[in-house]
A.B. asks: 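Mind looking over this structure? Questions follow.
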Amino acid sequence: MRTVITFGTFDVFHVGHLNILQRAKSLGDRLIVGVSSDALNFRKKNRYPVYTQQERLSIIQGIKHVDAVFIEESLEQKAEYIKMYSADVLVMGNDWQGKFDYLSPLVNVVYLERTPSISTTSVIEVIKRT
Ligand code: CTP
């Protein structure tokens with residue numbers, strides 16, 4: 001049983017999110033997703049996501065590629081989460097390229113290319129303009 005873990009905010013769910021979850025799952029048998037808490041997002045970006053952590057968690061849990069979800073409370077706890085879920089592979093989008101290489105003694109770290117031309121930020125901008 002090969003377990004893949006990934007993390008993200010996944011606010012205003014879009015096709016880039018779906019693509020990375022599908023590709024992450026294809027690297028193993030079981031996909032676990034850490035959904036960043038509202039408080040973590042506020043600390044990182046100084047604003048709250050559009051959807052609450054409970055809503056984001058429910059959406060991600062409903063995706064067929066995802067086997068289990070949890071709330072990620074802090075970026076610094078990645079090693080703990082990896083051990084807790086016995087993850088073999090950590091998947092991150094290549095916007096994080098190199099940032100999690102320090103975890104490679106624990107887990108196989110894989111950066112996947114982002115889907116071009118879409119992000120939560122750009123979707124919100126389009127909605128604001130229309
Ligand atoms: N992701 C992706 N392709 C995109 C957008 C996101 O592969 N076009 C991936 C990210 O690399 C990350 C995961 O989806 O691994 C969750 O990303 P998140 O930061 O929640 O989404 P963004 O759309 O990048 O959000 P924002 O615009 O707020 O930065």
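Every value quoted in this text rests on a predicted model; they were computed, and no experiment measured them. One-based numbering, in listed order, for ligands and for the atoms of each.
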A.B. asks: Please could you name the atoms of ligand 1 that K45 approaches to less than 4.0 Å, counting only its heavy atoms?
C.D. replies: 26 (P), 28 (O), 29 (O)
A.B. asks: For the residue pair W96 and F100, categorise the inter-ring angle as parallel (less than 30°), tilted (30 to 60°) or perpendicular (more than 60°).
C.D. replies: tilted
A.B. asks: Starting from atom 21 (O) of ligand 1, which protein heavy atom do you reach first, and at what distance in Å?
C.D. replies: H17 NE2, 2.9 Å
A.B. asks: Starting from atom 20 (O) of ligand 1, which protein heavy atom do you reach first, and at what distance in Å?
C.D. replies: F10 N, 2.8 Å
A.B. asks: May I ask you to identify the nearest protein heavy atom to atom 15 (O) of ligand 1, giving residue, atom name and distance to one decimal place in Å?
C.D. replies: G93 N, 3.3 Å
A.B. asks: Just to confirm my output: which protein heavy-atom neighbour is closest to atom 3 (N) of ligand 1, and how far is it?
C.D. replies: T115 N, 3.0 Å
A.B. asks: Which of the numbered atoms in ligand 1 are below 4.0 angstrom from a heavy atom of T9?
C.D. replies: 20 (O)
A.B. asks: Can you list the residues that meet the side chain to side chain donor-acceptor pair (under 3.5 Å) rule with R30, with sequence neighbours excluded?
C.D. replies: T3
A.B. asks: Please determine, by modelled atom types, if D101 and Y111 share a side-chain donor-acceptor pair under 3.5 angstrom.
C.D. replies: yes
A.B. asks: Any chance the side chains of T52 and Q54 put a donor and an acceptor closer than 3.5 Å?
C.D. replies: no
A.B. asks: Side chain of R23, backbone of V91: donor and acceptor closer than 3.5 Å?
C.D. replies: no
A.B. asks: Just let me know how I20 lines up against ligand 1, side chain, backbone, both or neither, with a heavy-atom cut-off below 4.0 Å.
C.D. replies: side chain
A.B. asks: At less than 4.0 angstrom from any non-hydrogen atom of I118, what atoms of ligand 1 do you find?
C.D. replies: 4 (C), 5 (C), 8 (N)
A.B. asks: Apply salt bridge (Lys or Arg N to Asp or Glu O under 4.0 Å) to the pair E125 and K128, showing each step before the final yes or no.
C.D. replies: CA-CA 5 Å; E125 282 307 312; K128 273 189 189 162; 3.6 Å; yes
A.B. asks: Would one find more than 12 heavy atoms of other residues, nucleotides or ligands at under 6.0 Å from atom CD of E113?
C.D. replies: no
A.B. asks: Just go through V12, T121, I124 and tell me whose heavy atom is the nearest to atom 26 (P) of ligand 1.
C.D. replies: T121
A.B. asks: Side chain or backbone of D95 under 4.0 Å from ligand 1, or both, or neither, by non-hydrogen atoms?
C.D. replies: side chain
A.B. asks: For ligand 1 and T120, I'd like to know whether there is a polar contact (N/O to N/O, distance under 3.5 Å).
C.D. replies: yes
A.B. asks: Considering only the protein, which heavy-atom contact is closest to atom 6 (C) of ligand 1, and what is its distance?
C.D. replies: R114 NH1, 3.5 Å
A.B. asks: Residues in side chain to side chain contact (heavy atoms under 4.5 Å, CB included) with N41, at least two apart?
C.D. replies: T9, S36, K44, P49, R56
